[in-house]
Amino acid sequence: MLTSFDFIENFNYQNIIETLQKGQAIILIKNFPLLDYEFQSFINSIGNAVKENRNNCRQEIFDVKISKQNNFFTSIANSPLAFPLHTDCADFDTIPNCVGLLCVEPAIKEQGANNFISLDKIISQLPETKIHDLLNKKWKFRNQSRSILSVDNGSFKICYDRITIESFSEINDKEIEELNNLDKIFETNSFKIKLKKRDLIVFRNDLFLHGRDEIDINSKRVIKRIRFNVS
Ligand SMILES: [Fe+2]
């Protein structure tokens with residue numbers, strides 16, 4: 001579930017690309033340099049980084065840290081709140097298939113751990129009828145109408161972000177219960193990774209759900225994020 005490399009010792013681009021293409025494991029690279037250009041050039045050596053307007057200088061990196069404007073947190077990513085398991089960019093026209101998170105400053109103690117569940121694990125926990133439902137029923141992710149599960153080239157893909165579903169459309173009681181049941185399955189089968197300073201993790205956004213635990217409001221935690229595509 002976790003494949004580890006060391007940036008100084010045994011790091012090899014081809015290994016990382018192949019591991020990401022297989023999509024079975026989360027990749028941890030220890031001792032990664034804390035420089036934006038190193039992060040950007042690493043990601044662009046294994047895939048294609050996505051530029052977004054909200055990123056630093058509208059480029060490829062976004063700083064996940066507590067940040068307020070006029071007393072409001074600038075986004076959920078910039079708040080101390082826990083993040084339930086989700087897919088990034090579930091409402092984008094094209095969803096990036098990978099995410100990289102570089103730990104610049106960890107949260108103290110056990111706070112702010114990242115949570116993951118693999119799609120393989122999810123499938124193994126669901127009865128056939130439920131899988132069939134999730135392949136067929138469309139949910140509204142802002143302007144996109146998508147099923148939670150899909151099949152691409154003979155393998156399953158997942159797209160799930162309850163916050164986006166519930167923020168932009170009304171769902172009925174039966175649907176709330178359906179999502180509650182799913183969240184329960186995701187949560188009970190998820191595992192935690194507590195990032196240390198200079199840990200970089202890269203993972204498939206279409207084959208893993210990710211989330212994070214709550215952090216203290218005064219936390220100095222800084223995680224740099226790049227979303228990207230591997231082919
Ligand atoms: Fe996310």
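This chain uses plain numbering: 1 for the first residue, then up along the sequence. These numbers were taken from a predicted model, which means no experiment stands behind them.
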Less than 3.5 Å apart, which donor and acceptor atoms pair up between the side chains of residues 96-120 and the rest of the protein, not counting sequence neighbours?
residue: Asn97; atom: OD1; partner: Val230; partner atom: N; Å: 2.9
residue: Asn97; atom: ND2; partner: Val230; partner atom: O; Å: 2.8
residue: Glu105; atom: OE1; partner: Lys197; partner atom: NZ; Å: 3.0
residue: Gln111; atom: OE1; partner: Asp216; partner atom: N; Å: 2.8
residue: Asn115; atom: OD1; partner: Lys192; partner atom: NZ; Å: 3.1
residue: Asn115; atom: ND2; partner: Asp213; partner atom: OD1; Å: 2.9
residue: Ser118; atom: OG; partner: Lys121; partner atom: N; Å: 3.1

Distance-only donor-acceptor hits, side chain of residues 22-34, under 3.5 Å, sequence neighbours excluded:
residue: Lys30; atom: NZ; partner: Asp199; partner atom: OD1; Å: 3.1
residue: Asn31; atom: ND2; partner: Asp6; partner atom: OD1; Å: 3.2
residue: Asn31; atom: ND2; partner: Asp6; partner atom: OD2; Å: 2.9

Side-chain donor/acceptor pairs under 3.5 Å, residues 39-46, sequence neighbours excluded:
residue: Asn44; atom: OD1; partner: Ala49; partner atom: N; Å: 3.0
residue: Asn44; atom: ND2; partner: Gln40; partner atom: O; Å: 3.1
residue: Asn44; atom: ND2; partner: Glu60; partner atom: OE1; Å: 3.4
residue: Ser45; atom: OG; partner: Ser41; partner atom: O; Å: 2.7

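The side-chain contact (heavy atoms from CB on, under 4.5 Å) check on Asn153 picks up nothing, with sequence neighbours excluded. Remark: Arg142 engages Asp91 in a side-chain hydrogen bond (donor to acceptor under 3.5 Å, both in side chains) (not counting sequence neighbours). Considering only residues two or more places apart in sequence or on other chains, Phe73 meets the ring pair (Phe, Tyr, Trp, His ring centres under 6.0 Å) condition with none of them. Residues that satisfy the side-chain hydrogen bond (donor to acceptor under 3.5 Å, both in side chains) test with Gln144, not counting sequence neighbours, are Asp93. In this view, Arg225 satisfies the side-chain hydrogen bond (donor to acceptor under 3.5 Å, both in side chains) rule with no residue, not counting sequence neighbours. With sequence neighbours excluded, no residue forms a side-chain hydrogen bond (donor to acceptor under 3.5 Å, both in side chains) with Lys68.
Think of Ile163 as one node in a network of Ile, Leu, Val, Met, Phe, Trp and Tyr side chains linked at under 4.5 Å; its network also takes in Ile76, Phe83. Here Phe72 is tied to no hydrophobic group at all, with no ILVMFWY side chain closer than 4.5 Å.
We find the CD-OG1 distance between Gln125 and Thr188 to be 7.0 Å, quoted to the nearest 0.5 Å.
Within a 6.0 Å sphere centred on NZ of Lys194, heavy atoms belonging to other residues, nucleotides or ligands number more than 12. In the displayed structure, Asn143 atom CG is contacted under 6.0 Å by at most 12 heavy atoms of other residues, nucleotides or ligands. Within 6.0 Å of NZ on Lys137 lie more than 12 heavy atoms contributed by other residues, nucleotides or ligands.
When all heavy atoms of Ser190 and Leu85 are compared, the closest pair comes out as CB-CD1, 3.8 Å. Considering every non-hydrogen atom in both Thr74 and Asn78, the closest pair reads OG1-OD1, 3.1 Å. Considering all non-hydrogen atoms of both residues, Cys159 and Arg146 come closest at SG-CD, 4.1 Å.
Listed by first and then second residue, the ring-ring contact (aromatic ring centres under 6.0 Å, His included) pairs involving residues 131-172 are Tyr160-Phe186 (not counting sequence neighbours).
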Apply the test side chain to side chain contact (heavy atoms under 4.5 Å, CB included) to residues Leu20 and Glu18: give CA-CA distance (whole Å), side-chain angles for both, the deciding distance (0.1 Å), then the verdict. CA-CA 5 Å; Leu20 270 182; Glu18 282 165 18; over 6 Å; no

Steps toward side chain to side chain contact (heavy atoms under 4.5 Å, CB included) verdict (Ile123, Ile131): CA-CA 7 Å; Ile123 297 288; Ile131 294 173; 3.9 Å; yes

